[in-house]
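Worksheet for the structure shown next.
One-based numbering along the sequence shown.
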Amino acid sequence: MTNWLMTWTVGGAEGIPIPYSPRMDDGITIVLLCCFFLSAYVLSRSRRFLLQLVKDFLLHRECTSIFATSTAGDMRYLLLLILQTCILSGVCIFNYCNDIQPELVHHVSPFLLLGIYIGVSLFYLFLKWVLYSVLGWIFFDESTTTLWLESYSTLLYYIGFTLFPFALFIVYFDLNLQLTIIIGLILAFFTKILMLYKWLKLFCNNLHGSFLLILYFCALEIMPCFMLYQGVIQLNDYLIIKF
């Protein structure tokens with residue numbers, strides 16, 4: 001009996017490993033804290049400018065772009081907000097991929113995965129910006145294109161503020177996958193509706209043109225979202241095989 005107890009004490013009982021969860025990851029917590037302090041810092045320094053951007057987005061304006069009258073400090077804060085939007089998008093993508101492919105974190109470091117998803121978000125926004133600039137240069141005048149890019153940037157700034165509480169909920173409140181998808185689709189729906197509203201204000205002059213505009217909108221706004229989703233899934237499969 002004594003020998004059996006000594007053997008059990010030395011060998012120990014095999015424990016059950018705890019599955020990875022983003023809410024227990026210190027790296028995710030630090031990233032979200034940095035986003036919180038970044039939002040607070042930008043709001044304290046450039047709140048009036050951000051409010052002016054909202055007014056210009058909702059009220060159709062045909063004068064010179066507000067970017068022309070902004071200071072270097074304002075532009076620096078706005079670039080930080082775009083970076084924050086990409087970071088929070090990366091956190092949301094990371095949490096979603098962890099739910100649908102939990103084996104992924106066993107092949108790739110979670111922090112490396114988060115960096116990859118943030119990079120994918122930055123690359124996606126860069127491609128969209130280039131696409132808008134090229135199409136605007138081909139089909140529209142410079143002032144109209146500039147106003148649209150400004151409006152698109154305004155949406156990106158405020159998407160970052162909206163994604164922060166959403167990221168907190170999905171990470172720390174352990175929302176089920178179905179509810180996460182529903183809330184994410186609602187946020188995406190309202191974002192696309194606001195974009196369509198601005199498109200109609202800037203580029204549509206008659207009813208016939210509105211039908212063509214909706215077709216172009218689906219091609220430039222809806223299809224890239226599906227392509228991004230498929231690209232992320234294919235990337236995850238590649239990472240699992242590679243590592």
Quick one: list whatever passes ring pair (Phe, Tyr, Trp, His ring centres under 6.0 Å) with [X], sequence neighbours left out.
| X | value |
| --- | --- |
| Y124 | none |
| Y41 | Y77 |
| F217 | W199 |

Notebook entry, point to check: Is there a side-chain contact between T144 and W148, using heavy atoms and a 4.5 Å cut-off?
Noted result: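 No, side chains not in contact.
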Next item on the list: Report yes if the side chains of I170 and V91 come closer than 4.5 Å at any heavy-atom pair, otherwise no.
Entry: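 A side-chain contact is absent here, since even the closest heavy-atom pair is not under 4.5 Å.
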Next item on the list: Please lay out, stage by stage, how L113 and N98 fare under the test side-chain contact (heavy atoms from CB on, under 4.5 Å).
Entry: CA-CA 10 Å; L113 275 176; N98 182 67; over 6 Å; no
Notebook entry, point to check: Is the cationic atom of K198 (NZ for Lys, CZ for Arg) positioned less than 6.0 Å from the six-membered ring centroid of Y152 and within 45 degrees of its normal?
Noted result: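 Relative to the ring axis of Y152, which defines the angle, K198 lies outside at least one limit.
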Margin query: Would you compute the distance between atom CD1 of I82 and atom CG of L122 and round it to the nearest 0.5 angstrom?
Written below: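 With rounding to 0.5 Å, CD1 (I82) is 9.5 Å from CG (L122).
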Margin query: Determine whether the aromatic ring centres of residues Y229 and F226 are separated by less than 6.0 angstrom.
Written below: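 No, too far apart.
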Checklist line | side-chain hydrogen bond (donor to acceptor under 3.5 Å, both in side chains) partners of residues 180-196, not counting sequence neighbours, each pair once | finding: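 Listed by first then second residue: K192-E221.
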Margin query: Tell me which pairs pass side-chain hydrogen bond (donor to acceptor under 3.5 Å, both in side chains) where either residue lies in residues 108-117, with sequence neighbours left out.
Written below: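 Checked against side-chain hydrogen bond (donor to acceptor under 3.5 Å, both in side chains) - neighbours excluded - the pairs reaching residues 108-117 are Y117-N236.
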Donor-acceptor contacts, no H, no angles, side chain residues 26-37, under 3.5 Å, sequence neighbours left out:
unit_1 : atom_1 : unit_2 : atom_2 : d
T29    : OG1    : D25    : O      : 3.3
T29    : OG1    : Y172   : OH     : 2.8

Note to self: One pair to check against side-chain contact (heavy atoms from CB on, under 4.5 Å): L78 and S153. What are the steps and the verdict?
What the structure shows: CA-CA 9 Å; L78 298 183; S153 301; over 6 Å; no
Next item on the list: Determine the minimum heavy-atom distance between D237 and Q101, stating which atoms define it.
Entry: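 In terms of heavy atoms, the two residues are closest at OD1-NE2, 3.1 Å.
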Next item on the list: Go through the steps for F166 and F169 under the test ring-ring contact (aromatic ring centres under 6.0 Å, His included), then give the verdict.
Entry: CA-CA 5 Å; F166 177 60; F169 270 100; 8.5 Å; no
